[in-house]
Amino acid sequence: MSDFDAIDFNLNFNNFNPDEVQVDETINAVFIIDISPSIASYEKDLNHAFNDFTQTMQKSHVADQLMVSVIEFNNDVHVKSGFQPIKSIPTIQFKPSGVGTALYDATAQGLKMAMDYRENLEASGVMTKTLLFIITDGMDNSSNTPAKTVKTKINEVIAEEQNAFSFTTILFGVGNAAQFEQAQKEMGVQHLAKVGTSGDEIRKMINFISQSISSTANNTQITF
């Protein structure tokens, strides 16, 4: 058993039953969202933009395929939702709390959930595409999981992919932290996008996520 497979976060979450999926292929989007106290400056904009995203995607051409899981983290990791159809995702409020940033723990948890659910879906005859969207305004200072454990698993997944569009990881660095590139490299995350804390910037980030999901559904390259 690898270090990654041995991770046990003792978290409860409920995934949609793979046997009840009615499409041949799903798009599984994992949102890993920092709720440490420092997000207070853009809390309202994040909540508004995320819930706009949910409402928009519920009416989109990919709605029947899109499964969403939401993980939030401060110094701890909390699964707000296992993988559920976008049409079942309710309004969500992210509230700043805690005393730290367990970025590596949260990313490891999101990645493990995504790979486990993908395995279950494929065992039911459903193909999957997976996107991890990691949103943070600070660097890790609370994790038990080392960044190299996350990187090893991401690299293993990428090496096994037969479709260039079937697995994508993006780190959104919000604000002015200088070490976002370091976090990206240490975890092996494929892409980094830096985002300001204004309402316009947060909305642009969420709109980019919507476009990324649509591009993945259409087997087209995500444009940064």
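Treat the numbers as computed from the prediction; the structure is a model and nothing was measured.
- Side-chain rings of Phe31 and Phe94 stay apart, their centers remaining 6.0 Å or farther from each other.
- Checking side-chain atoms of Thr26 against main-chain N and O of Thr128 turns up no donor-acceptor pair under 3.5 Å.
- To the nearest 0.5 Å, atom CE of residue Met113 and atom CD1 of residue Ile71 are 4.5 Å apart.
- No hydrogens or angles considered: a donor-acceptor pair under 3.5 Å links the side chains of Ser38 and Asp137.
- In summary, the side chains of Asn51 and Thr91 do not present any donor paired with an acceptor at a separation below 3.5 Å, with no hydrogens or angles considered.
- For the pair Ile89/Met57, no side-chain contact is recorded, criterion being any heavy-atom separation below 4.5 Å from C-beta on.
- For the residue pair Gly175 and Thr197, the shortest heavy atom distance occurs at CA-CG2, 3.9 Å.
- Aromatic pair Phe83/Phe16: centroids not less than 6.0 angstrom apart.
- The closest side-chain donor-acceptor pair between Ser198 and Asp200, if any, does not fall under 3.5 angstrom.
- Not one N or O on the side chain of Asn28 forms a donor-acceptor pair closer than 3.5 Å with the backbone of Met67.
- At a threshold of 4.5 Å between non-hydrogen side-chain atoms, the residues Phe180 and Val195 do not count as touching.
- Salt bridge status for Glu181 with Lys194: present, with a side-chain N to carboxylate O gap under 4.0 Å.
- Gln58 places none of its side-chain heavy atoms less than 4.5 Å from the side chain of Leu66.
- The aromatic rings of Phe172 and Phe133 are tilted relative to each other, their planes meeting at an angle between 30° and 60°.
- The residue from Glu186, Gln109, Lys148 that alone fulfils the side chain to side chain contact (heavy atoms under 4.5 Å, CB included) condition with Tyr104 is Glu186.
- Applying the side chain to side chain donor-acceptor pair (under 3.5 Å) rule to Thr216 yields no partners; only residues at least two apart in sequence or on another chain are considered.
- Checking side-chain atoms of Glu43 against main-chain N and O of Ser41 turns up no donor-acceptor pair under 3.5 Å.
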